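The structure presented is a predicted model; accordingly, all values stated were derived computationally and were not measured. Sequential numbering from 1 along the given sequence is applied to the chain's residues.
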Amino acid sequence: MGNHLVPKVEWSLTDEGMGVLERAGLAGLYLTLTAAEEWAGRGDPQALELQKVLQWELSEQSLKLWWEGKDLEILTKLVKWAWQEKDGVFYLPAVHRSQDEREHLYRRLHTHRGLFQTFFQLSKVLPRDQPVSETLQIDESHFFQVNYQRIKTPKGGLPQVKLLSKILKKGMSQNIISLSSSWIFPGAAKRFGKAAKEEENWSGPSKLAFLLLFAPLACVFLELPWTKLKRRTGGQLTANWAFLIPEIHDLTIFAHYFPLFTSETPADFLRVRVLSLGDAALRFASAYAARTMERRLPSQKIYIAAMGQVSHYQEQKVRKRILEITPSEISIKRYKVMMGHLPNDFRTRKPDKAEDPLQNKLNIWIRQPTARGRIADNLIHNRPWYQELLWPHPWQLDELENQRQQTKKRDDKGISLEHLWFINLLTERRALMNLAQEPSMWDSPEEQALLTIFHQTLRQLLNKEAQAQQRGGSRTLGERWDDRVQDLRRGLMRAKTRELNRKFIMEFLAEGGGSRELTANKEALWRFLNHPYDWQKARDLAFLALVTFTDQRLGKPKENAEAKEDSSDG
């Protein structure tokens with residue numbers, strides 16, 4: 001829309017004071033107005049009413065608004081259009097573009113839960129009902145449980161509407177105002193004591209404050225692994241979420257590509273879960289930034305904030321980490337290849353003996369591959385994808401500890417986190433082997449050759465164990481090989497210097513007896529082992545060989561499905 005009159009207000013991406021959230025707010029407002037045009041074309045009464053009282057002009061870099069009448073009255077209609085709820089779940093026309101999303105709350109649930117865990121985490125900001133557990137039918141025979149809380153709309157409407165009157169107290173101008181609402185600057189906890197009472201979360205012109213009302217609409221929400229919150233009475237697992245904001249250079253391009261990501265899958269229960277910040281950033285980049293790359297646009301920077309509770313501040317979720325990342329084209333391409341082998345998926349749950357009919361009905365859960373978090377973090381930082389795969393990823397430690405406690409209770413024996421991590425990786429050996437066979441995942445043929453050498457050495461060691469077993473003894477080949485594998489794993493973990501690593505690798509290869517592949521690549525091997533700062537590649541490739549080694553004499557590894565069942569709220 002346009003108007004020959006001087007606009008009431010206008011913004012540009014290059015205006016002074018336009019930070020990350022303010023630019024996201026301008027993009028969210030842009031999405032809101034384009035959605036109003038779409039829904040008005042479908043005859044939506046609320047969108048048609050908004051078009052009668054408000055006019056706008058949209059361009060690649062700026063946005064202009066015109067209206068006649070009282071600022072608060074007109075702009076309240078705009079905010080109420082942008083922020084709606086249906087059946088107690090957020091309905092955001094800027095994000096939820098289809099009729100299906102509008103009518104079915106499960107299509108909106110991932111955004112709703114993400115907003116509750118980040119921007120609107122406090123019940124004083126947005127009251128909510130008691131937690132709800134509902135059963136979602138995936139298909140004719142599979143049922144999945146989802147847990148969430150419905151909005152309990154306070155008097156005066158949603159918090160965005162209530163805050164608007166404070167923003168417009170001095171009119172839409174450059175006058176400086178202060179906002180203490182925690183959701184305006186999510187996760188930025190105030191200091192303790194008297195200083196907290198005088199500290200504001202945000203201050204700036206009311207013109208920019210207005211944009212912050214729309215900032216969450218341009219964010220993507222992803223669920224990170226749960227972490228343990230230490231308390232005097234023991235620890236409990238608490239949810240962590242990340243919200244992502246892409247760098248916005250062009251509002252038109254953003255509005256075109258952003259909805260493609262948010263509506264990528266029907267229910268998003270699989271897409272919304274990630275294992276690390278690298279996994280989160282590349283999950284978004286592979287769907288959003290990759291499409292812009294096809295148009296030869298500049299690399300897209302992504303801002304990501306990880307939020308969760310910490311032991312020393314349990315009142316609300318705080319920012320645990322903030323990253324500013326520009327994924328490279330090769331990182332995005334490799335991530336997409338990896339997701340073809342290590343996606344989230346639904347797994348069948350073993351029959352429950354619970355008397356509750358609902359619990360007996362639930363028969364699937366979401367499984368996330370153990371290796372993906374570490375691999376994604378390596379890719380986002382342009383490191384070899386297999387680097388440090390032998391160590392548990394920090395974001396997964398608490399859930400791994402929870403699994404360790406379950407395993408100890410069931411088997412009545414202890415197990416280290418590193419050993420359990422290794423066992424989990426073994427259940428993914430086929431996927432990891434398939435990933436290792438992808439040419440695009442490697443920087444040099446020497447890396448692949450070294451992996452082949454290690455595989456051949458392992459097979460020669462297995463032959464020796466088989467010969468020893470045939471000579472007699474009480475242990476089976478599987479038991480003998482398990483002991484051998486554990487010795488190799490512990491040896492690799494102890495090889496923390498270049499000298500120790502070189503000694504271990506050479507003894508390992510010597511015991512195997514050598515091979516034609518080793519003879520052909522001995523110079524490359526020596527370069528790996530003696531590299532001043534990249535010597536770890538040899539160790540990491542040896543570990544990758546260990547977790548991907550297969551032989552028909554060993555059979556298939558057992559997957560401990562019960563211990564790895566998802567305990568988070570769906």
Side-chain angles (χ1 to χ4, degrees), residues 275 334-335 337-343 345 367-379 383-393 396 418-463 465-466 477-478 481-493 495 501 504-505 508-509 511-512 515 517-518 521 524-525 528 536-560 564:
L275 285 166
R334 286 177 175 175
Y335 181 82
V337 171
M338 181 192 69
M339 285 299 292
H341 299 289
L342 296 170
D345 60 359
R367 181 186 182 277
Q368 298 190 83
T370 298
R372 196 182 65 231
R374 174 69 72 185
I375 295 174
D377 273 12
N378 286 334
L379 293 178
R383 300 190 293 250
W385 64 274
Y386 52 84
Q387 182 170 317
E388 294 190 346
L389 198 59
L390 74 166
W391 303 105
H393 192 280
Q396 297 168 251
E418 292 79 12
H419 188 184
L420 185 58
W421 172 267
F422 178 71
I423 291 174
N424 289 347
L425 291 178
L426 286 179
T427 67
E428 300 164 11
R429 62 170 52 170
R430 178 54 60 187
L432 290 171
M433 175 54 88
N434 291 338
L435 187 61
Q437 292 174 348
E438 296 280 358
S440 62
M441 297 300 295
W442 299 96
D443 293 323
S444 68
E446 286 81 7
E447 293 171 285
Q448 291 177 283
L450 202 57
L451 181 64
T452 300
I453 291 171
F454 291 144
H455 275 143
Q456 291 173 344
T457 303
L458 288 170
R459 183 155 285 107
Q460 291 164 339
L461 292 178
L462 178 61
N463 292 337
E465 294 293 345
L477 176 61
W481 184 246
D482 285 344
D483 290 342
R484 167 74 73 160
V485 166
Q486 291 308 316
D487 287 342
L488 292 173
R489 179 185 66 83
R490 286 189 287 265
L492 289 169
M493 294 184 69
N501 179 66
F504 178 84
I505 294 294
F508 165 63
L509 294 174
E511 187 177 7
S515 65
E517 190 79 16
L518 175 59
N521 290 277
L525 171 64
F528 274 104
Q536 296 97 330
K537 281 186 176 181
R539 180 196 64 191
D540 295 332
L541 284 167
F543 183 79
L544 179 63
L546 200 59
V547 296
T548 56
F549 177 72
T550 58
D551 190 284
Q552 61 182 3
R553 290 171 290 181
L554 298 175
K556 295 182 178 180
K558 296 180 180 180
E559 180 171 353
N560 190 349
K564 298 173 73 174

Determine yes or no for a side-chain-to-main-chain donor-acceptor pair under 3.5 angstrom, with [X] supplying the side chain and [Y] the backbone.
X    : Y    : answer
W421 : H393 : no
W442 : A436 : yes
E447 : S444 : yes
D540 : Y386 : no
R372 : L342 : yes
R429 : T550 : no

When the aromatic ring centroids of Y335 and W385 are compared, is their separation below 6.0 Å? no

Determine, step by step, whether E446 and K537 satisfy the salt bridge (charged side-chain N to carboxylate O under 4.0 Å, His left out) criterion, reporting the C-alpha distance in whole Å, the side-chain angles of both residues, the deciding distance to 0.1 Å, and the verdict. CA-CA 11 Å; E446 286 81 7; K537 281 186 176 181; over 6 Å; no

Output all residues satisfying side chain to side chain donor-acceptor pair (under 3.5 Å) with E388, sequence neighbours left out; order by chain, then residue number. none

Can you name the side chain to side chain donor-acceptor pair (under 3.5 Å) partners of Q536, sequence neighbours left out? none

Relative to each other, are the rings of F422 and H419 parallel, tilted or perpendicular (30° and 60° limits)? tilted

Please check if the number of heavy atoms outside R430 that lie under 6.0 Å from its CZ is greater than 12. no

Is any side-chain heavy atom of [X] less than 4.5 Å from a side-chain heavy atom of [Y]?
X    : Y    : value
H341 : M441 : no
L432 : I375 : yes
M338 : L435 : yes
L461 : F508 : yes

Start with the C-alpha distance between S515 and Q456, add both sets of side-chain angles, then the distance that settles side chain to side chain donor-acceptor pair (under 3.5 Å), and finish with yes or no. CA-CA 7 Å; S515 65; Q456 291 173 344; 3.0 Å; yes

Charged N-O contact under 4.0 Å between E465 and R553: no

Gap between atom CZ of F528 and atom CG of N501 - 0.5 Å precision: 12.0 Å

